[in-house]
There are 2 protein chains.
Amino acid sequence: MSSKQNIEVTSGQVHPTKYGIILFPGFQLLDAFGPLDALSVLSTRVKLDPLIIIAETLDPVYSGSAQSTWNRAGSDFGASVVPTHTFETVPDDLEVLLVPGGSGAVQPGADDRRVEFIKKTYPKLKYLITICNGVGLAAQAGVLDGKRATADKAIWVRTTSLGPSVNWVKTARWVADGNIWTSSGVSAGLDVTLGWIAEVFGEETAREVANVQEYEWKNDANWDVFGFIWGDGM
Amino acid sequence: MSSKQNIEVTSGQVHPTKYGIILFPGFQLLDAFGPLDALSVLSTRVKLDPLIIIAETLDPVYSGSAQSTWNRAGSDFGASVVPTHTFETVPDDLEVLLVPGGSGAVQPGADDRRVEFIKKTYPKLKYLITICNGVGLAAQAGVLDGKRATADKAIWVRTTSLGPSVNWVKTARWVADGNIWTSSGVSAGLDVTLGWIAEVFGEETAREVANVQEYEWKNDANWDVFGFIWGDGM
């Protein structure tokens with residue numbers, strides 16, 4: 001929204017300006033729009049290129065989960081978001097890729113188009129950020145092998161089983177290993193994005209973004225109570 | 001996402017099932033999708049009707065704020081969401097209306113289509129929930145006159161000046177007065193929605209939704225540090 005403070009981005013550094021996010025049917029709204037809101041506030045302080053929204057086709061992507069076995073009530077409740085690019089048309093110079101989770105990300109196979117895209121694109125990226133069980137897509141792509149990562153706690157077993165060669169960290173709000181940042185469930189996407197902003201744009205910028213969002217950001221990657229709350233997870 | 005607990009909604013009660021949200025160019029992403037994510041998790045436990053997304057036309061609504069004077073960097077960074085209804089076609093039996101804020105809600109006049117819609121629709125609603133400076137639209141509609149309400153803290157003066165007959169409460173995460181629930185800025189939309197779910201569906205249900213979101217929900221309407229952080233606001 002606004003601010004009375006002034007942000008000085010460390011001069012001379014070249015910061016990423018090209019951000020993209022993969023969307024798919026059954027994506028979790030807050031997984032996507034918590035991080036995108038933080039980046040959108042950042043974009044009022046630092047010039048960023050238009051957001052790239054990536055999907056299988058250019059048809060609107062619906063978040064609803066009526067088909068999911070977890071949708072016990074069978075409601076068809078969601079919103080449709082318009083992609084800007086397909087997997088084939090994403091610019092080669094994309095710098096930061098976000099991967100949300102949701103009911104539509106529970107059982108990716110190695111031949112999943114999203115997994116293929118991550119595998120093909122990761123070597124060109126500056127950063128990869130996953131939210132909730134979106135990490136399962138990155139794990140299937142093999143880009144997390146030998147790396148530390150975390151995942152949502154409610155379906156911990158199911159998500160982490162997608163990456164047998166990943167060093168999973170259960171008690172974490174988020175984990176950064178090299179240029180891959182992974183987060184715990186849903187709202188933790190806000191925290192990992194703010195943590196990433198602090199790393200790349202400085203703590204003061206991250207704190208201002210959080211204040212605009214009126215979000216009580218802890219800036220503590222190790223803070224997590226949900227592993228305890230959810231126990232072993234499913 | 002999922003849960004091992006079982007929710008028993010108080011039997012015999014009739015709970016709202018018809019939810020709508022007003023979107024407009026320059027809406028704040030998290031204002032809208034924090035609450036909608038909470039309702040979407042709720043919808044996997046309690047049968048809700050499909051979400052009604054209301055806008056001026058059926059064209060996708062873009063969240064970007066490139067035209068806002070607050071966008072100091074001038075970035076054009078946002079996402080487009082597809083409306084399901086226009087102001088004219090919203091079903092008469094809509095029960096719960098959400099109104100987000102954002103740069104596009106800063107200066108509504110009394111003749112604003114959104115203000116007119118709120119004024120016309122409010123008497124038929126069971127609940128009205130506003131997020132951030134979305135409360136300014138409700139204030140202009142006069143539905144808050146003589147009622148207690150809160151608003152975002154960063155632009156407190158500007159937003160509250162839209163409702164000279166409202167009893168503004170500054171130190172609050174959210175305020176409920178009658179059937180109108182208003183929240184503080186951006187991420188506070190999560191808290192007011194969870195508070196509203198607790199009121200209508202029970203505390204246990206709200207807590208489960210928060211746990212699925214891995215959101216450390218305080219369930220304390222009076223908790224607020226951002227009035228202090230932002231001082232008098234703009």
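Chain letters run A, B, ... following the sequence lines, proteins first, then strands; residues in each count from 1. Everything quoted here is computed from the prediction, not taken from an experiment.
The closest donor-acceptor contact from the side chain of B/Glu214 to the backbone of A/Phe226 lies at 3.5 Å or more, if one exists at all. For A/Ser40 (side chain) and B/Gly78 (main-chain N/O), no donor-acceptor pair under 3.5 Å exists by modelled atom type.
Interface residue A/Ser184: backbone and side-chain heavy atoms are both found under 4.5 Å from chain B. If you measure heavy-atom distances from A/Trp223 to chain B, the contacts under 4.5 Å come from the side chain alone. Contacts of A/Pro50 with chain B are made by both backbone and side-chain atoms, with heavy-atom separations under 4.5 Å.
Heavy-atom pairs under 4.5 Å with chain B peak, among A/Ala32, A/Ala188, A/Ser75, at A/Ser75. Of the listed residues (B/Asp76, B/Ile21, B/Leu42), the greatest number of heavy-atom pairs within a distance under 4.5 Å of chain A belongs to B/Asp76. Among A/Ser63, A/Ser43, A/Ser65, the residue with the largest count of heavy-atom pairs under 4.5 Å with chain B is A/Ser43. Ranked by heavy-atom pairs under 4.5 Å with chain A, the list B/Ile53, B/Val82, B/Thr84, B/Val61 is led by B/Val82. Comparing A/Leu39, A/Val225, A/Asp191, A/Thr69 by heavy-atom pairs within less than 4.5 Å of chain B, the highest count is held by A/Leu39.
A/Leu29 and B/Asp37 get closest at one heavy-atom pair: N-OD1, 3.4 Å. The nearest pair of heavy atoms linking B/Ala73 to A/Lys47 is O-CD, 3.3 Å. Residues A/Leu30 and B/Leu190 share a closest heavy-atom pair of CD2-CD2, 3.9 Å.
Ring geometry for B/Tyr19 versus A/Phe77: interplanar angle over 60°, hence perpendicular rather than tilted (30 to 60°).
Here the NZ atom belonging to A/Lys218 is positioned 3.5 Å from the CD atom belonging to B/Glu216, to the nearest 0.5 angstrom. Atom CD1 in A/Ile229 sits 8.0 Å away from atom CZ in B/Arg207 (nearest 0.5 Å).
The closest side-chain heavy-atom distance from A/Ser80 to B/Val81 is not below 4.5 Å. Residues A/Trp70 and B/Thr44 have side chains not in contact (no heavy-atom distance under 4.5 Å, counting atoms from C-beta outward). Within the 4.5 Å cutoff, no side-chain heavy atoms of B/Asn71 are placed close to those of A/Arg45. Side-chain atoms of B/Trp230 and A/Asn211, non-hydrogen and from C-beta on, do get closer than 4.5 Å to each other.
Residue-environment remark: CD (A/Glu203) exceeds the threshold of 12 foreign heavy atoms within 6.0 Å.
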